[in-house]
Amino acid sequence: MTTAASTRTTTAKKARQQRVPVTNAVVIALTQAADEAVAWWDEYDTLDDLDLGNDLEDVLASARRRGLETVEDLRREAGKVITDVTGIASITTFTTASGANALHRAKNTIAAIVFAAQVRHGDDPQSPYDLVETLPTVAPRHGSKRRPLHDDEVLLTRSSAVHSLHRGGRYLLVANQYALAESGAYPMETTSIEPVDFDSVIAPTTVLLPGVNTWSTQRRARLTRFAARLLAECLDRHLAAGGSAATWRLCYRGEGGKGAASASSSNNLKNLTIRIGITQPALEGSAATRWRIRKELKDRGDIAALRLMGKVKNKKNGPYYDISKVYDFLNLPPESSPALGEDDYDDDFTDF
């Protein structure tokens, strides 16, 4: 990086850090905001495959008990609502994994309401992120930076992706990229996918993933309903601007060849989670991919998850399955049979 580029990066970072958080200029009733948020999420099939329990109802019930009437009230009293919902007196003290999950689910539910309300009623594209930054810090979530997203975090990242869709321009590319990642693409793969890789550019349901060198093989993946909806609308906007399906560019590829494209794709996805407040720990760009693999494991079993990873090897006597790779990738204890035979993959579970 040149000296001038380094100076610009440092200046931009300081500007973000010094930015004064934006509060709601318009008074928004909390019940109205919650209803609008759910309608907004339903419009994009955001909630379709997420296990969020009664988090929203619990947060709203706590807000009513405390006499909170507006979104700004909820944002200002977020810490008290979190302790009320979780029953954990100190939200910043180290706690068990289940306790930390409860804290983050409550906080992220509040963040989702605040974010959605500001997207729908604010006039500054940055203000939803600024408001989320003002929410209280809670005890770190357990797990390494290579863990999958949790469902409450997916709600936030999907909300940010929809917001990026409506901002357009380069943000549209980030929205596309996230949709591909949560459908099972590794960050590096998102830079190689073209319109011809979908079963339909008008109403896509599957995408052909190219594989990553010798680490994973080519395979066809089902798009999540959210991803299919988002990608179809991204194409609609591209066509409305005078483009064609053949020139539909899915995500930012960077400059300087495949290495730069890979780095930029990973950083885009990392920044997507950081900007929405998922920083404990700051996750790798493959967090959304890992979420989808974990979901595939839960819904369809370890063989389906291994196939989605592109880790099934074809040998002379048929396909070879090493189930341990699924659990290694997700950082989970193995719950299935060990490898079924000799393994000649050279695995390095870095941030693809």
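These numbers come from the heavy atoms of this one structure, side chains and all, not from hydrogens, waters or symmetry mates.
When atom types are taken as modelled, the side chain of Thr86 and the backbone of Ala102 share no donor-acceptor pair closer than 3.5 angstrom. Thr217 contributes a side-chain N or O that, together with a main-chain N or O of Gly310, makes up a donor-acceptor pair within less than 3.5 Å. Judged by distance alone, the side chain of Lys325 and the main-chain N or O of Met309 form no donor-acceptor pair under 3.5 Å. Side chain of His238 to backbone of Ser244: a donor-acceptor contact under 3.5 angstrom is found. Between the side chain of Thr46 and the main chain of Asp42, no donor-acceptor pair closer than 3.5 Å is present. Not one N or O on the side chain of Gln218 forms a donor-acceptor pair closer than 3.5 Å with the backbone of Leu209. With hydrogens and angles ignored, the 3.5 Å screen pairs no side-chain donor or acceptor of Asn176 with any backbone N or O of Cys234. Judged by distance alone, with hydrogens and angles left aside, the side-chain atoms of Asp197 form a donor-acceptor pair with the main-chain N or O of Glu194 at under 3.5 Å. Side chain of Arg300 to backbone of Lys295: no donor-acceptor contact under 3.5 angstrom is found. No donor-acceptor pair under 3.5 Å is formed between the side chain of Asp151 and the backbone N or O of Leu50.
A heavy-atom distance below 4.5 Å is found between the side chains of Ile110 and Val81. For the pair Ile278/Thr157, a side-chain contact is recorded, criterion being any heavy-atom separation below 4.5 Å from C-beta on. Taking 4.5 Å as the limit, some side-chain heavy atom of Leu131 sits within range of a side-chain heavy atom of Gln118. Residues Tyr327 and Asp302 have side chains in contact (heavy-atom distance under 4.5 Å, counting atoms from C-beta outward). Using a 4.5 Å heavy-atom threshold, the side chains of Tyr171 and Pro125 count as separate.
A 6.0 Å sphere centred on CD of Glu233 holds more than 12 heavy atoms belonging to other residues, nucleotides or ligands. Summarising the local packing, CG of Asp299 is surrounded by more than 12 heavy atoms from other residues, nucleotides or ligands at distances under 6.0 Å.
Between Arg170 atom CZ and Ser164 atom OG the span is 9.5 Å, to the nearest 0.5 Å.
Taken together through direct or relayed side-chain contacts under 4.5 Å among Ile, Leu, Val, Met, Phe, Trp and Tyr, Ile274 and Leu269 form parts of separate hydrophobic clusters. Leu208 is not connected to Met188 by any chain of hydrophobic side-chain contacts under 4.5 Å among Ile, Leu, Val, Met, Phe, Trp and Tyr, and they are in different clusters. Under the 4.5 Å side-chain heavy-atom criterion for grouping Ile, Leu, Val, Met, Phe, Trp and Tyr, Ile82 is not connected to Phe94 through any hydrophobic cluster.
Ion pair Asp73/Arg76 flagged as a salt bridge, since at least one NZ, NE, NH1 or NH2 atom sits closer than 4.0 Å to an Asp/Glu carboxylate oxygen. Salt-bridge formation is not detected for the pair Arg292/Glu182: no Lys NZ or Arg NE/NH1/NH2 atom is positioned less than 4.0 Å from an Asp or Glu carboxylate oxygen. Checked for salt-bridge contact, Arg65 and Asp84 meet the test: a charged N lies under 4.0 Å from a carboxylate O.
Minimum heavy-atom separation, Ile88 to Ile91: O-CG2, 4.2 Å.
Arg229 forms no cation-pi arrangement with Phe226, by the criterion of a distance under 6.0 Å to the ring centre and an angle within 45° of the ring axis.
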- Item | Verdict with supporting geometry, Gln126 and Arg275, side chain to side chain donor-acceptor pair (under 3.5 Å) | CA-CA 10 Å; Gln126 178 61 32; Arg275 293 187 69 211; 2.8 Å; yes
- What's the verdict on side chain to side chain donor-acceptor pair (under 3.5 Å) for Tyr321 and Arg307, showing C-alpha distance, side-chain angles and the deciding distance? CA-CA 9 Å; Tyr321 306 102; Arg307 290 188 185 281; 2.7 Å; yes
- Task: Using the side chain to side chain donor-acceptor pair (under 3.5 Å) rule, take Tyr186 and Ser265 through it: C-alpha gap first, then chi angles, then the decisive distance, then the call.
- Result: CA-CA 9 Å; Tyr186 301 111; Ser265 67; over 6 Å; no
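Considering only residues two or more places apart in sequence or on other chains, Asp55 meets the side chain to side chain contact (heavy atoms under 4.5 Å, CB included) condition with Arg105, Thr109.
Ring centers of Phe198 and Trp248: under 6.0 Å apart, within the cut-off.
The side-chain hydrogen bond (donor to acceptor under 3.5 Å, both in side chains) with Glu153 is formed by just one residue from the set Arg141, Arg158, His104; it is Arg141.
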